[in-house]
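A, B, ... follow the sequence lines: proteins, then strands. Residue 1 opens every chain. Reckoned from all heavy atoms, side chains included, excluding hydrogens, waters and symmetry mates. Just so we're clear, the structure is a prediction, and the values are computed from it rather than from any experiment.
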There are 2 protein chains.
Amino acid sequence: MKLSEGVEAAIHCAATLASLEDGATMPGAALAAQFGLSPSYLLKHLQALTAAGILESVPGPAGGYRLARPAERISLLDIVLAVEGPLPAFRCNEIRRNGPVRLPDSAYVKPCGINAAMLRAEKAWRAALAAEKLSAIVADFLSDADPRSVAAACAFVERHQRPQKPGSPKQ
Amino acid sequence: MKLSEGVEAAIHCAATLASLEDGATMPGAALAAQFGLSPSYLLKHLQALTAAGILESVPGPAGGYRLARPAERISLLDIVLAVEGPLPAFRCNEIRRNGPVRLPDSAYVKPCGINAAMLRAEKAWRAALAAEKLSAIVADFLSDADPRSVAAACAFVERHQRPQKPGSPKQ
DNA sequence: GGATGGTTACTCGGATAGGAGGTGTCCGAGTTCTAAGGG
DNA sequence: CCCTTAGAACTCGGACACCTCCTATCCGAGTAACCATCC
C-alpha cells in the first residue's frame with residue numbers, strides 16, 4: 001500500500017496557502033517552484049482540491065489559488081480524500097461467496113466480518129486524519145521549525161502572493 | 001490509495017487455516033478453490049505469509065499450509081504488513097528542501113511536521129489493526145454469521161484438511 | 001485629462017503519452033506416498 | 001510375510017508476461033491587466 005505522492009504535494013501547498021494574507025492568491029507555478037515539482041503535474045492535484053471545495057481558483061493575470069475556507073476547518077482527511085478519492089483503502093470483493101458450493105444470497109445478508117474489521121481500522125485512521133487540522137500544522141511549523149526555514153517560507157510567501165483585488169471581495 | 005487485493009485473500013485464508021485441527025495442514029490449491037482464486041497467484045501471497053513467519057509450509061503429498069502460531073497471537077496488522085510490506089503508506093520525499101533557495105542540511109534537522117502528522121494517523125491505523133486478532137475474527141464468524149455459511153465452511157475444512165502426521169510433531 | 005476599445009499576457013482546465021507496481025501465469029525443485037520386487 | 005527400492009504424484013518455490021493506475025506533459029479556453037487611441 002502506498003499513498004500517492006500528490007498527497008504530500010497537496011498538503012504542502014495547502015499549508016503554504018494558509019500562510020497567505022486574507023484573500024490573497026498564489027499561482028500554481030509559484031507553488032511548483034517552491035517544492036521543485038512539475039507545474040503541469042501539480043496543477044492536476046490543485047484542481048482536485050478545487051473540485052473538492054478546499055481551494056478556490058482565480059483565473060487570469062494576478063490570479064491563482066487560495067483556501068476556500070479557514071485553515072481551522074480544513075483537515076488532512078479532507079486533503080487526502082480529495083487527492084486519493086473517497087473510496088476506502090480496503091474494498092471487499094466478497095470472495096467468501098466464490099466457493100464451489102453456491103449458497104443463496106440470503107446466506108450473506110450479514111456483512112463480512114473481515115471487511116467490518118478492516119473498516120473499523122480505517123475508521124480510526126480517518127478519525128486521526130480528521131483531527132489533524134491544517135491550522136495546527138502551520139502553527140507547529142512556525143513555532144517549532146528551524147528559524148531559517150521559517151524565514152525562507154515567509155519570504156517566499158511575501159514574494160509570490162497576489163493581494164486581494166479591492167473590487168472583488170472574497171466570497 | 002488502495003490496498004492490494006491479496007490482503008483480502010490472505011486474511012480469508014488465514015481465518016480458514018485457524019479453523020483447522022491442531023497441526024493439520026491444507027493445500028494452497030484447496031484454499032484457492034474455496035475463494036474462487038487463481039491457485040498460482042494465491043501461492044504468491046501465501047509465500048509472503050510464510051516468509052513473515054505467520055504460516056508454515058509442509059511440502060510433498062499430504063502437505064500444505066498451517067498457522068505458525070496460535071490465532072490469538074496473529075493480528076490483521078501482521079497479515080497486512082506481510083502482504084503489503086513494512087513501509088508506511090505515507091512516504092515523505094522531503095519536498096520542503098526542493099525550493100529555489102537551498103538551505104544547509106542543518107536547517108532541516110527537525111522532522112517535517114506534515115510527515116509527523118501523517119505518521120501519527122498511520123500509527124492509529126496500525127494500532128487498530130493490531131487490536132483485531134485472527135481468533136476474534138473466527139469467533140465472530142462462528143457465532144454471528146449465517147448458519148448455512150458456517151456449515152459450508154466447516155464442511156470444507158473437514159473435507160480438505162490433512163491431519164498432522166503422527167511421526168512429525170509440529171515444531 | 002479621462003474614457004474606451006483592442007491587444008496582450010497570464011492564469012487555470014482538460015485531454016493525451018509514458019512508466020512502475022500489482023496481477024496473473026507458467027515451469028522447475030523437493031518431498032512423501034505408493035507399489036512392485038526380492039529376501 | 002516383511003523389507004527394500006524405484007517410480008510417480010503431489011506439494012511449494014521462484015522466474016516470466018500482462019494490465020491497470022499513477023506519473024508526467026502538452027495544448028487550448030478564459031479572464032484580467034495593460035496600452036494605445038479617441039473624445
Side-chain angles (χ1 to χ4, degrees), chain A residues 1-10 13 17 24-33 35-52 55-66 68 83-85 87 89 91 93 95 160-168, chain B residues 1-10 13 17 24-33 35-51 55-66 68 80 83-85 87 89 91 93 95 160-168:
Chain A
M1 184 186 58
K2 181 176 175 296
L3 267 71
S4 166
E5 295 188 9
V7 172
E8 183 183 6
C13 290
L17 293 175
T25 62
M26 181 176 286
L31 290 167
F35 300 114
L37 303 172
S38 164
S40 305
Y41 183 43
L42 182 61
L43 265 287
K44 194 184 197 65
H45 298 304
L46 294 178
Q47 286 169 26
L49 294 176
T50 304
L55 301 185
E56 285 178 351
S57 66
V58 177
Y65 291 96
R66 67 182 164 208
V83 174
E84 292 283 337
L87 282 72
R91 301 165 199 177
N93 290 114
I95 62 172
H160 288 283
Q161 74 176 339
R162 309 284 177 80
Q164 183 178 18
K165 189 172 50 180
S168 68
Chain B
M1 183 185 62
K2 180 176 176 299
L3 267 71
S4 166
E5 296 189 9
V7 173
E8 183 182 7
C13 289
L17 292 176
T25 63
M26 181 176 287
L31 291 167
F35 300 113
L37 302 172
S38 164
S40 305
Y41 184 43
L42 182 61
L43 265 287
K44 196 184 196 67
H45 299 303
L46 294 177
Q47 286 169 27
L49 294 176
T50 304
L55 301 186
E56 285 178 352
S57 66
V58 177
Y65 290 96
R66 66 183 164 208
V80 169
V83 174
E84 293 283 336
L87 282 70
R91 301 164 198 179
N93 290 114
I95 63 172
H160 288 284
Q161 74 176 339
R162 309 284 177 80
Q164 182 177 19
K165 189 171 52 180
S168 68

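- In this structure, the side-chain contact (heavy atoms from CB on, under 4.5 Å) partners of B:A32, at least two apart in sequence or on a different chain, are B:P39, B:L42.
- Between the side chain of B:E56 and the main chain of B:T50, no donor-acceptor pair closer than 3.5 Å is present.
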A correct 5'-to-3' footprint of nucleotides 10-26 of chain C, with B, S and - meaning base, sugar-phosphate only and no protein heavy atom under 4.0 Å, is BSSBB--------BBBB
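- Residues passing the side-chain contact (heavy atoms from CB on, under 4.5 Å) test with A:S38 are A:S40, A:Y41, sequence neighbours excluded.
- Note that the OG1 atom of A:T25 and the CG atom of A:L17 stand 9.0 Å from one another [nearest 0.5 Å].
- You'll find the side chain of A:R91 reaches within 4.5 Å of the side chain of B:K2, heavy atoms only.
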